[in-house]
Amino acid sequence: MAQEITFSFELFPPRTPEGWQKLPALVQKLASVRPAFFSVTHGAGGSDQHGTYEAIMQVVEHSGIEAAPHLTCVGSTRASIAALLQRYREAGVKRIVALRGDLPPGLAPDEAPGEFRYASELVTFIREQHGDHFRLEIAAYPEMHPQGVTPAQDFDNFRRKAEAGAHAAITQYFFNADAYFDFVNRCEQAGLKIPVIAGIMPITNFAQLARFSAACGAEIPRWIRLRLEQLQDDKPALLDFGLDVVTQLSRTLLDNGAPGLHFYTLNQSEPTLRLWKNLALPVPAAA
Ligand code: FAD
């Protein structure tokens with residue numbers, strides 16, 4: 001039987017009381033197209049780590065759809081991670097995105113961010129403690145992690161992390177489909193069988209995208225950068241152009257075998273839902 005293609009949505013814990021107030025409506029809107037799951041970030045961009053558990057509970061309450069917390073090594077101890085895993089398990093969570101995490105400002109790339117140094121150690125720990133209870137997703141970087149030393153070493157580190165017991169990988173966003181297919185080829189050549197879900201970033205704001213991309217090592221191709229620069233004072237035109245670019249990219253990925261798309265919603269429903277509509281993705285009936 002052909003593998004089912006999965007579509008999932010990523011949220012972050014709101015940073016303001018207004019954001020928390022709007023969260024139920026946001027979740028309900030996004031849930032209308034029945035994604036396979038929602039994930040919620042944890043301390044992303046080196047931000048504080050509050051709110052992931054609470055946001056996960058809100059997603060479950062307002063959508064009934066599976067919710068996956070991100071869990072990171074940053075500031076962790078074995079005891080704190082064990083306690084958090086237990087809390088999630090008792091709340092019915094069955095899926096976790098296991099990461100090292102963005103390093104807080106001031107921490108050098110070679111310093112351990114917590115008792116666990118790399119995501120591979122976190123994956124090993126979760127599997128040791130909980131066997132197969134949690135489905136584990138890990139991060140992948142088709143264009144190499146920004147702190148990667150060489151593409152080969154970075155891929156070896158990814159392989160080690162996958163072999164520690166991950167079920168699937170979700171990529172950093174990218175705009176070069178070839179980088180994704182090259183990464184999938186390297187997985188196949190290395191005998192890795194886990195699905196590599198493509199991370200998709202809707203384009204809505206040039207300055208923000210340029211900032212994120214500089215930090216996470218995602219290349220904005222010159223032709224896209226130039227068009228976005230030119231359109232940055234014409235929001236509707238920028239949104240239309242961004243939608244075309246990301247629709248085309250997503251279509252290419254799906255047509256050539258990507259097993260799923262994970263949308264970085266940035267807590268906005270419209271860009272992701274427009275993309276969903278443009279791609280004519282299915283809207284399954286509620287369970
Ligand atoms: P790792 O796989 O541990 O890799 C980190 C770096 O260490 C890489 O350069 C790798 O090559 C190197 N490395 C790995 N193992 C070894 C080893 N044994 N020896 C030497 N070097 C090694 N960040 C957050 O803070 N919160 C989030 O919620 C969050 N969500 C994300 C979701 C997705 C889908 C993605 C793609 C990223 C997310 N991030 C998040 C960002 C991520 O945490 C950062 O990119 C972080 O710098 C790396 O995390 P990782 O899990 O990929 O780390």
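Whatever order the structure lists them in is the order used to number ligands and atoms, beginning at 1.
Residue contacts with ligand 1, taken as heavy atom pairs separated by less than 4.0 Å, involve R160 solely via side-chain atoms from C-beta onward. Residue contacts with ligand 1 for F158 are absent, since no atom lies close enough (heavy atoms, distance under 4.0 Å).
Of the protein's non-hydrogen atoms, the one nearest atom 35 (C) of ligand 1 is A139 CB, 3.8 Å. Scanning all protein heavy atoms for the shortest distance to atom 32 (C) of ligand 1 gives H70 CE1, 3.6 Å. Taking atom 9 (O) of ligand 1 as the reference point, the nearest protein heavy-atom neighbour is H145 ND1, 2.9 Å. A119 N, 2.8 Å is the protein heavy atom nearest to atom 3 (O) of ligand 1. Looking only at protein heavy atoms, the nearest one to atom 26 (N) of ligand 1 is H42 O, 2.8 Å. When hydrogens are left out, the protein atom nearest atom 42 (C) of ligand 1 is Y141 OH, 3.5 Å; that is the closest non-hydrogen contact. Of all protein heavy atoms, the one lying nearest to atom 33 (C) of ligand 1 is Y264 OH, 3.8 Å. Y118 CE1, 3.3 Å is the protein heavy atom nearest to atom 17 (C) of ligand 1.
Assignment of G43 to the shell around ligand 1 is supported, since a heavy atom sits closer than 4.0 Å. Within the structure, ligand 1 has G148 among the residues with a heavy atom less than 4.0 angstrom away.
Applying the ring-ring contact (aromatic ring centres under 6.0 Å, His included) rule to F12 yields no partners; only residues at least two apart in sequence or on another chain are considered. Not counting sequence neighbours, the partners of Q230 by the side chain to side chain contact (heavy atoms under 4.5 Å, CB included) test are R227.
The shortest N or O to N or O distance between A140 and ligand 1 is not below 3.5 Å.
Using a 4.0 Å cut-off to heavy atoms of K161, the atoms of ligand 1 that qualify are 2 (O), 50 (P), 51 (O), 52 (O). Taking every non-hydrogen atom of I170 and a distance limit under 4.0 Å, the qualifying atoms of ligand 1 come out as 34 (C), 36 (C).
The aromatic rings of H130 and H133 lie tilted to each other, with the angle between the two planes from 30° to 60°. Classification of the H262-Y264 ring pair by plane angle, with boundaries at 30° and 60°, yields perpendicular. Taking the six-membered ring where the residue is Trp, W276 and F263 present tilted rings, their angle falling between 30° and 60°.
When the options Q172, E137, H262, R100 are ranked by their closest heavy atom to atom 5 (C) of ligand 1, first place goes to R100. Around atom 16 (C) of ligand 1, the closest heavy atom drawn from I138, N157, V40 belongs to N157. Nearest-residue assignment for atom 10 (C) of ligand 1 (options T72, T52, D154; heavy-atom criterion): D154. Of the listed options D156, D102, T150, V123, D102 places a heavy atom closest to atom 25 (O) of ligand 1.
In this structure, the side chains of L228 and V245 stay at 4.5 Å or more apart for every pair of heavy atoms. A heavy-atom distance below 4.5 Å is found between the side chains of P69 and T52.
Remark: R87 is positioned above the aromatic ring of Y53, its terminal NZ or CZ atom under 6.0 angstrom from the ring centre and at most 45 degrees off the axis. With F37 as the aromatic partner, R95 meets the cation-pi criteria of under 6.0 angstrom to the ring centre and within 45 degrees of the ring axis.
Ion pairing between a basic and an acidic side chain is recognised when a charged N comes within 4.0 Å of a carboxylate O; R274 and E270 show no such pairing.
Aromatic ring centroids of F9 and F7 lie 6.0 Å or more apart. Under the 6.0 Å cut-off for aromatic ring centres, F212 and Y173 do not qualify, their centroids lying 6.0 Å or more apart.
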